[in-house]
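The structure appears right after this line, and notes come after that.
These numbers come from a predicted model, not from an experiment. Counting begins at 1 with the first residue of the sequence.
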Amino acid sequence: MSTKTATITSPPRVREAEGRQATVKICGISQPEHALLAARHGADMVGLVFAPSRRQVSVETAQQITQAVAALDRKPLLVGVFVNETLARVLAIARQVGLDTIQLSGDESPEYVAECRRHYPVIRAVRFPSGTELQDALRLLETYEPAIPRATGRLRFLVDAHQPGEYGGTGRVADWPLAAELSSHYDIVLAGGLDPSNVANAVAQVSPWCVDVSSGVESGGVKDPLLIKKFLLAAKPAFREDLQ
């Protein structure tokens, strides 16, 4: 699919959620009951994958998830995950579903990100090959800085494990030392290989803005309610300690 920038005539959207402090994102949610469970145990974001994968959700299912969490007193942000999709379709799905944030996890250009950022807060996924030096990583992230209009908030970067040919959800651990260095320059979402047993250590070592989990809360490729609860119970206190 092409990532060619589309011309969109609708005005930029004002999102109150942009300034909200997020800490934990449960990604790859495909059932309303799992979204509700995650929200009730403190998830700040719920990720809905629209890219081709075993975790892909239809627009109809995503709408059901939106409706399920709408009545909660503490509603998590709904993040739509896209890979190399046309911008027109990304924005159409975002409007249909009622997404709060867009996560771009493919090969989208800085220009594409900038155009998307005019309409929604964006999390840009990046993956660094083993041995990447800090200055090389910073040079890559700096190419996206023109995509951050000062009046519309900050672009966030999701640091995931590098696996050639894959766009996420591999269960491989990301480069924590590099992510820790980047976290002093940008708001970093740490993803890749996190689970209930290592997330507290990840928060302590990396000091990310947010942690993101998908395969680490699954059993047999399916979201496991017990693992979701265990992850949140481990991650939330770790963030509180990290801020002290």
Side-chain angles (χ1 to χ4, degrees), residues 17-28 38-39 41-47 74 76-77 79 81 100-105 113 117 121-145 147-148 153-163 168-217 227-244:
E18 174 62 22
R20 180 176 174 180
Q21 177 66 41
T23 55
V24 182
K25 173 171 170 272
I26 307 294
C27 200
H41 284 84
D44 302 281
M45 293 181 174
V46 168
R74 186 181 181 280
L77 303 185
V79 182
V81 181
D100 297 298
T101 298
I102 304 299
Q103 179 177 316
L104 298 174
S105 291
V113 173
R117 188 65 189 76
V122 170
I123 296 172
R124 180 67 173 109
V126 290
R127 303 166 191 87
F128 300 105
S130 177
T132 298
E133 298 292 336
L134 174 62
Q135 291 307 313
D136 293 328
L138 286 173
R139 273 193 288 271
L140 172 63
L141 301 192
E142 285 165 3
T143 64
Y144 291 94
E145 289 188 358
I148 315 174
R154 301 178 67 180
L155 183 68
R156 273 101 186 214
F157 291 101
L158 182 146
V159 176
D160 202 352
H162 181 266
Q163 179 76 6
T170 65
R172 295 172 62 92
V173 177
D175 186 335
W176 288 6
L178 179 60
E181 292 185 285
L182 292 174
S183 70
S184 65
H185 297 270
Y186 294 96
D187 286 344
I188 295 298
V189 180
L190 181 65
L194 297 178
D195 59 39
S197 71
N198 68 6
V199 65
N201 192 29
V203 171
Q205 290 192 36
V206 177
S207 293
W209 170 73
C210 181
V211 290
D212 182 301
V213 66
S214 187
S215 61
V217 292
L227 290 178
I228 292 174
K229 288 192 286 187
K230 285 184 175 180
F231 187 88
L232 288 161
L233 287 171
K236 300 297 283 190
F239 271 100
R240 289 193 290 271
E241 290 177 10
D242 189 56
L243 292 172
Q244 292 177 357

Requested in this report: For Glu142, look at atom CD and say whether over 12 heavy atoms of other residues, nucleotides or ligands are found less than 6.0 Å away.
Outcome: yes
Query raised in the report: Hey, is NZ on Lys236 packed in by over 12 heavy atoms from elsewhere, all under 6.0 Å?
Result: yes
Measure the shortest side-chain to side-chain distance between [X] and [Y] over non-hydrogen atoms and say whether it is less than 4.5 angstrom.
X: Glu133; Y: Phe128; result: no
X: Leu190; Y: Trp176; result: yes
X: Leu138; Y: Leu140; result: no
X: Cys27; Y: Val81; result: yes
X: Val213; Y: Ile26; result: yes
X: Asp212; Y: Leu194; result: no

Query raised in the report: Are Arg124 and Tyr144 linked by a side-chain donor-acceptor pair shorter than 3.5 Å?
Result: yes
Specify the closest pair of heavy atoms between [X] and [Y], including all atoms of both residues, with the distance to one decimal.
X: Ala174; Y: Ala161; value: CB-N, 3.8 Å
X: Pro208; Y: Phe239; value: O-CE2, 3.3 Å
X: Asp195; Y: Ser197; value: OD1-OG, 2.6 Å
X: Pro196; Y: Val199; value: O-CG1, 4.1 Å
X: Ala238; Y: Ala200; value: CB-CA, 3.7 Å
X: Ala43; Y: Pro76; value: O-CB, 3.7 Å

To the nearest 0.5 Å, how far apart are [atom1] in [X] and [atom2] in [Y]?
X: Leu134; Y: Leu178; atom1: CG; atom2: CG; result: 6.5 Å
X: Leu232; Y: Asp44; atom1: CG; atom2: CG; result: 8.5 Å
X: Lys25; Y: Thr101; atom1: NZ; atom2: OG1; result: 9.5 Å
X: Ser105; Y: Ile123; atom1: OG; atom2: CD1; result: 9.0 Å
X: Leu155; Y: Arg117; atom1: CG; atom2: CZ; result: 7.0 Å
X: Trp209; Y: Phe157; atom1: CH2; atom2: CZ; result: 12.5 Å

Requested in this report: Tell me, with the steps shown, if Val79 and Val46 meet side-chain contact (heavy atoms from CB on, under 4.5 Å).
Outcome: CA-CA 6 Å; Val79 182; Val46 168; over 6 Å; no
Report task. Applying side-chain contact (heavy atoms from CB on, under 4.5 Å), run through Thr23 and Val211 and close with a yes or a no. Result -> CA-CA 6 Å; Thr23 55; Val211 290; over 6 Å; no
Report task. Dump the intermediate steps for side-chain contact (heavy atoms from CB on, under 4.5 Å) on Val159 and Val126, then the final yes or no. Result -> CA-CA 5 Å; Val159 176; Val126 290; 4.2 Å; yes
